[in-house]
Amino acid sequence: DQVLIITPETQEQVDILKNVSTQYETALWQPVSPFYMTEQTEVHLFVPGKSYETVQSLLQKHDITYIEMQTMNGTDPRSTATFYERYHSLEDIYDWLNRTSHDNPTKVKAILVGSSYEKRPLYALKLSFSDRPNRKAMWIDCGIHAREWISPAFCLWFVHYSLSFYNYNKEITEILNDMDVYVLPVLNPDGYKYTWTKNRMWRKNRAPSQNPKCIGVDLNRNFDANWCQGASPFPCSEIYCGAFPESEPESRAVADFLRQHKDSIQMYISIHSYSQMLLFPYSCTLEEAGNHNDLFEMVQEAAQKIKRFYRSTYKYGAGAKTILAPGGSDDWAYNLGIKYSFTFELQDRGEYGFLLPPSRIAHACNEALTAVKTVALKVLEKTQ
């Protein structure tokens, strides 16, 4: 299998790529839909071995140049790293949720937020390290897009780090003293399970549509924020917005939980991959958020710290200036009144894309942790 990096020069080349990306069993990694392809913008196209020669000769025939990125499978057999430096099946993650809440009864509580289309439970862990009254909270969700395996890996990493470094790391201690944290490791369990068993590149949930051939809704286009204006109303699309806002049990469960807790939750973070970006509302419109400058300062500082500690470059800014994405959870949370709302896109820039090897988990999670801590401390400062 190969990932090809292609920059179309002309509209004709864009049209050919759109065609290629919807046929020959290829998977478009970036942008998420052919709809967003434009001239002079990088396209990342995953081509399975069996289609490779066909696609290659088609590109050559039309003088479309490309760079090959050799890809590997999601798991590296040589990786003998610790639990948190590996990817885990859904069953492993459920087991970890039970074990973590059982082993830390005073600090961690598992909360059933809802269930998926295929009736799998959506468990969030509530981390609560102090009993001060009127405590504020933050919410982190991972795994809304099934193939973004580094995302659930980060949620597990964050919980482990919080439990291990409370009272040892000044920043996490300060955050956990003043805030409860809700962590939902897998928002899309059906899709995640499917990436382990059937199709590693699956993105959506697994709900059927009126077209029996087309399964799944993009849960991050299913929230009620400029719903479906720029996403797709077609069930076969990777960015299908669903039949109506919150049509899916997964997005509805999260929205209901946030509505119930909106007075205490000050901060919302959704973890995605890949492309190394720290984004904030709006993604659904070019209009600026009311506290745009505050949000911009926060992600700018986070990006600077990541650069300083890890030498990685993260783009930052309002989502719409980077990728127009209506119906996203961060915009919806912002409109609900959670004024510090973010989407973090983790490693990498496309070298491995969704197949980030386990050897890179620690690095990716440490970068994300830096961003979360930086932003959370700023939020505490602003809301004290």
Side-chain angles (χ1 to χ4, degrees), residues 30 42 44 81 84-85 87 138-145 148-162 164-165 168-176 179 181 183 185 267-281 283 289 291-319 321-323 325 328 330 340-382:
Q30 197 175 302
E42 220 172 74
H44 298 178
Y84 294 95
E85 293 183 31
Y87 294 115
M138 77 159 126
W139 168 278
I140 303 176
D141 60 53
C142 295
I144 195 167
H145 290 143
E148 299 171 7
W149 284 12
I150 189 60
S151 174
F154 173 74
C155 266
L156 272 59
W157 186 279
F158 179 85
V159 171
H160 176 64
Y161 179 88
S162 298
S164 307
F165 286 93
Y168 294 100
N169 173 277
K170 183 170 158 292
E171 297 161 317
I172 201 71
T173 306
E174 192 180 324
I175 291 162
L176 294 168
M179 267 186 171
V181 187
V183 181
M267 179 173 162
Y268 173 91
I269 300 182
S270 190
I271 302 289
H272 291 251
S273 75
Y274 63 99
S275 63
Q276 297 181 195
M277 296 196 286
L278 309 177
L279 307 175
F280 57 82
S283 292
N291 58 341
H292 175 92
N293 294 349
D294 281 354
L295 294 167
F296 186 84
E297 251 170 62
M298 290 175 178
V299 291
Q300 183 177 46
E301 185 179 325
Q304 286 165 347
K305 282 191 178 166
I306 292 172
K307 181 94 178 147
R308 191 158 77 239
F309 300 151
Y310 300 105
R311 298 190 165 78
S312 292
T313 303
Y314 277 66
K315 287 185 181 166
Y316 52 89
K321 300 210 166 53
T322 338
I323 172 172
D330 58 348
Y340 300 99
S341 181
F342 304 91
T343 291
F344 292 168
E345 297 269 2
L346 309 195
Q347 283 199 16
D348 56 9
R349 282 283 183 79
E351 182 187 356
Y352 295 104
F354 301 116
L355 301 178
L356 194 72
S359 57
R360 298 278 284 273
I361 292 175
H363 202 116
C365 288
N366 279 323
E367 290 174 359
L369 187 66
T370 299
V372 170
K373 289 198 297 189
T374 304
V375 167
L377 287 169
K378 280 288 193 201
V379 170
L380 285 175
E381 209 178 282
K382 303 264 182 206

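Heads up: numbering here begins at 1 and tracks the sequence.
A 4.5 Å side-chain heavy-atom check between Cys365 and Ile150 finds at least one atom pair inside the cut-off. Counting only heavy atoms from C-beta outward, the side chains of Gln276 and Gln347 approach each other to under 4.5 Å. Counting heavy atoms from C-beta on, the side chains of Val181 and Leu176 come closer than 4.5 Å. No side-chain heavy atom of Leu346 sits under 4.5 Å from any side-chain heavy atom of Glu367. Taking the side chain as every heavy atom from C-beta outward, Met138 and Val379 never approach each other to under 4.5 Å. Contact of the Met277 side chain with the Tyr314 side chain is not registered, since no non-hydrogen atoms from C-beta on lie closer than 4.5 Å.
The shortest heavy-atom contact between Ser283 and Gly319 is OG-CA, 3.4 Å. Shown here for Pro281 and Ala318, the closest heavy-atom pair between the two residues is O-CB, 4.1 Å. Taking all atoms of both residues into account, the shortest heavy-atom contact from Ser312 to Ile306 is O-CG2, 3.7 Å. Across all their heavy atoms, Val299 and Gly317 have their closest contact at CG2-N, 4.1 Å. Between Tyr87 and Leu356, the shortest heavy-atom distance links the atoms OH-O, 2.7 Å. Nearest heavy-atom pair, Gly353 versus Asp348, reported as atom, atom and distance to 0.1 Å: N-OD1, 3.1 Å.
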Practice problem: Apply the test side-chain contact (heavy atoms from CB on, under 4.5 Å) to residues Tyr168 and Thr173: give CA-CA distance (whole Å), side-chain angles for both, the deciding distance (0.1 Å), then the verdict. | Solution: CA-CA 7 Å; Tyr168 294 100; Thr173 306; over 6 Å; no
Exercise. Could you walk me through whether Phe154 and Leu369 pass the side-chain contact (heavy atoms from CB on, under 4.5 Å) test, one step at a time?
Key: CA-CA 8 Å; Phe154 173 74; Leu369 187 66; 4.2 Å; yes
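Relative ring orientation between His44 and Tyr274 is described as parallel, the plane-to-plane angle staying below 30° on a 0-90° scale split at 30° and 60°.
A salt bridge between Glu297 and Lys378 is absent, with no side-chain N of the basic residue lying under 4.0 Å from a carboxylate O of the acidic one. The pair Arg360-Glu351 counts as a salt bridge, with a side-chain nitrogen and a carboxylate oxygen less than 4.0 angstrom apart.
For the atom pair CZ of Phe344 and OG of Ser270, the computed distance is 10.5 Å after rounding to the nearest 0.5 Å. Going from atom CD of Glu381 over to atom CE of Met298 covers 8.0 Å, rounded to the nearest 0.5 Å. Rounding to the nearest 0.5 Å gives a distance of 11.0 Å between CZ of Phe309 and CG of Asn366. How far CE of Met179 is from CD of Glu174: 10.5 Å, rounded to the nearest 0.5 Å. The CZ atom of Phe342 sits 11.5 Å away from atom CD1 of Ile140, with the distance rounded to the nearest 0.5 Å. Note that OG of Ser341 is 5.0 Å distant from CG of Asp330, once rounded to the nearest 0.5 Å.
Annotation: Lys170, atom NZ; neighbour count of heavy atoms from other residues, nucleotides and ligands within 6.0 Å does not exceed 12.
Looking at Asn291, its side chain never comes within 3.5 Å of a backbone N or O of Asp294 through a donor-acceptor pair. For the pair Glu85 (side chain) and Ile361 (backbone), a donor-acceptor distance under 3.5 Å is absent. Remark: side-chain polar atoms of Ser151 are paired, donor with acceptor, to backbone N or O of Ile271 under 3.5 angstrom.
Proximity of the aromatic rings of Tyr340 and Phe280 is defined here by a centroid distance below 6.0 angstrom, and this criterion is not met.
Between Asp141 and Tyr268, the side chains place a donor N or O and an acceptor N or O closer than 3.5 Å (distance only, hydrogens not considered).
For Glu171, the salt bridge (charged side-chain N to carboxylate O under 4.0 Å, His left out) criterion is met by Lys373, not counting sequence neighbours.
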